[in-house]
**Q** 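Got a structure for you, questions after.
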Number of protein chains: 2
Amino acid sequence: MSGATSPDLAARLRSAGLRPTRQRVALARALFEREHHHVTAESLHAEAKAARNPVSLATVYNTLNQFRDAGLLREVVVAPGRSYFDTNTGHHHHFYVETDGELHDFPSDKVTIEGLPVPPKGTKLSRVDVIVRVRR
Amino acid sequence: MSGATSPDLAARLRSAGLRPTRQRVALARALFEREHHHVTAESLHAEAKAARNPVSLATVYNTLNQFRDAGLLREVVVAPGRSYFDTNTGHHHHFYVETDGELHDFPSDKVTIEGLPVPPKGTKLSRVDVIVRVRR
DNA sequence: CAAGCAGTTTAGAACAATTCTAAAACTGCA
DNA sequence: TGCAGTTTTAGAATTGTTCTAAACTGCTTG
């Protein structure tokens, strides 16, 4: 097995202004070296432990916030006290299955939103979130 | 001063299956006898106290949840740990000013969303939330 | 209108998610 | 290799919300 730290990841962290520490690289691997997915702080913490790369929960929180601030992750709030981090930072929207807390992406290329009002004076657009809520 | 309980409100609560107790009527007044607005549990609790109708915080939470379940209120989650209740239950969307936590409605009549994918098998649409995030 | 019971309210404890703190451990550079 | 500044960590603290058990109230019935 390749125990080598992916140089890409280290570089990516560095260029985001983050030192590629053991913990950050471990979390970055769990996050970015696979398909796009959604994590919570708890789930990522558990995943890191399972991969024999234990990271304290506080560090998981710090790291998720840093990655989000650096634009590496996108935070999606679907319900009170339920915050997901999405490794897909491109344009897309979400399905949220209310009955079991699942979150799924769907691409935004087919979706067009028209007639949105202009942002209030003195503000600039940050982004538009569309959450399609469904239940079983 | 008119100490009379608005009969409309009492009836509205009753038909939602809720006994029109002093506390629920007091909160319903604060919520529904004025223009549409957004409250948090804390803000409503403070408002009730200021109106000399103190209600315990637990009751405020219970009541907000009951009103939401009864369709009298709509819950809007904009940020982790920040849940608003909106007295406007009609079709509309939201502006969220991230930099200062303000939430504003905007009507959905001008807004059209096209190309949304069909809900996953076995699920039915609950609603579509559009949150336009802006910053100062 | 008194009694009784289910539904409500309440203070405070409990809980869950997240952030803070202060100390120990690292990282990167000289 | 030494050192200054970062980062990590365990655990405490904070925040927002729900739970608990006891007191109370609104409604119905006799």
Side-chain angles (χ1 to χ4, degrees), chain A residues 5 7 9-11 13-30 38-49 52-70 72-73 75-85 101 103, chain B residues 4-5 7 9-30 38-49 52-70 72-73 75-85 101 103:
Chain A
T5 291
L9 278 185
L13 293 183
R14 233 184 284 272
S15 73
L18 299 168
R19 293 220 284 229
T21 62
R22 179 177 66 65
Q23 291 87 339
R24 295 212 266 236
V25 172
L27 296 178
R29 285 183 146 181
H38 303 108
V39 302
T40 60
E42 287 293 348
S43 79
L44 185 58
H45 182 239
E47 198 179 340
K49 186 181 297 177
R52 307 288 188 84
N53 260 315
V55 174
S56 78
L57 189 54
T59 296
V60 172
Y61 274 105
N62 289 336
T63 303
L64 284 173
N65 289 335
Q66 290 157 353
F67 284 9
R68 178 205 49 213
D69 293 345
L72 266 33
L73 289 175
E75 188 170 9
V76 187
V77 184
V78 287
R82 200 173 255 281
S83 191
Y84 285 97
F85 289 87
L103 189 66
Chain B
T5 293
L9 278 184
R12 203 159 161 201
L13 294 183
R14 234 184 283 272
S15 73
L18 299 168
R19 290 221 287 233
T21 62
R22 179 177 64 67
Q23 291 86 339
R24 295 213 265 236
V25 172
L27 296 178
R29 285 183 147 182
H38 304 107
V39 303
T40 61
E42 287 293 349
S43 79
L44 185 57
H45 182 238
E47 199 178 339
K49 186 182 296 177
R52 306 288 187 87
N53 261 315
V55 174
S56 78
L57 188 55
T59 296
V60 173
Y61 274 105
N62 289 337
T63 303
L64 285 173
N65 289 335
Q66 291 157 352
F67 284 8
R68 177 205 51 214
D69 292 346
L72 268 31
L73 289 175
E75 188 169 8
V76 187
V77 185
V78 288
R82 199 174 256 280
S83 190
Y84 284 97
F85 289 87
L103 189 65

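So you know, we letter chains A, B, ... as the sequences are listed, proteins then strands, and number each from 1. Predicted model only: the values in this text are computed from it and were never measured.
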**Q** Show each protein N/O and nucleotides 17-19 of chain C N/O combination with a separation under 3.5 Å, one pair to a line.
**A**
from, atom 1, to, atom 2, distance (Å)
C:dT18, OP2, A:Tyr61, OH, 2.6
C:dT18, O5', A:Tyr61, OH, 3.4
C:dT19, OP2, A:Asn65, ND2, 3.2

**Q** Applying side-chain hydrogen bond (donor to acceptor under 3.5 Å, both in side chains), can you list everything that pairs with B:Glu42, at least two apart in sequence or on another chain?
**A** none
**Q** Got a sec, which residues hit side-chain hydrogen bond (donor to acceptor under 3.5 Å, both in side chains) with A:His45, two or more places apart in sequence or on another chain?
**A** none
**Q** Report the residue (B:Arg19 or B:Val60) whose heavy-atom-nearest nucleotide on DNA chain C is the more 5′ of the two.
**A** B:Arg19
**Q** Show the nearest heavy-atom pair for residues A:Leu27 and A:Ala48, with the distance to one decimal.
**A** CD2-CB, 4.0 Å
**Q** Using a heavy-atom cut-off of 4.0 Å to chain B, what are the terminal contacting nucleotides of DNA chain D, in 5' to 3' order?
**A**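 Both ends considered, the range comes out as D:dG16 to D:dC27.
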**Q** For B:Lys49 and C:dT9, what is the distance between atoms NZ and P respectively, to the nearest whole Å?
**A**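 Going from NZ in B:Lys49 over to P in C:dT9 covers 17 Å.
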**Q** So do A:Tyr84 and A:Val39 actually touch side chain to side chain, heavy atoms under 4.5 Å?
**A** no
**Q** Name the nucleic acid region contacted by A:Thr21, choosing base, sugar-phosphate or nothing; use a 4.0 angstrom heavy-atom cut-off, strictly under.
**A**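 Sugar-phosphate contact only.
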**Q** Look up atom CG in B:Asn65 and atom CZ in B:Phe85, then write down how far apart they are to the nearest 0.5 Å.
**A**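 The CZ atom of B:Phe85 is 5.0 Å from CG of B:Asn65, to the nearest 0.5 Å.
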**Q** If only atom types and distance count, is the side chain of B:Thr63 paired as donor or acceptor with the main-chain N or O of B:Thr59 below 3.5 Å?
**A**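 At least one qualifying donor-acceptor pair exists.
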**Q** If the cut-off is 4.0 Å, is A:Gln23 near the phosphate of C:dA25, judged by side-chain N/O to OP1 or OP2?
**A** no
**Q** With sequence neighbours excluded, tell me which residues meet side-chain contact (heavy atoms from CB on, under 4.5 Å) with B:Ala26.
**A** B:Asn53
**Q** Identify every side-chain donor-acceptor pair in residues 13-23 of chain A under 3.5 Å, counting partners at least two apart or on other chains, and give the distances.
**A**
from, atom 1, to, atom 2, distance (Å)
A:Ser15, OG, A:Ala11, O, 3.4
A:Ser15, OG, A:Arg12, O, 3.2
A:Thr21, OG1, A:Arg24, N, 3.2

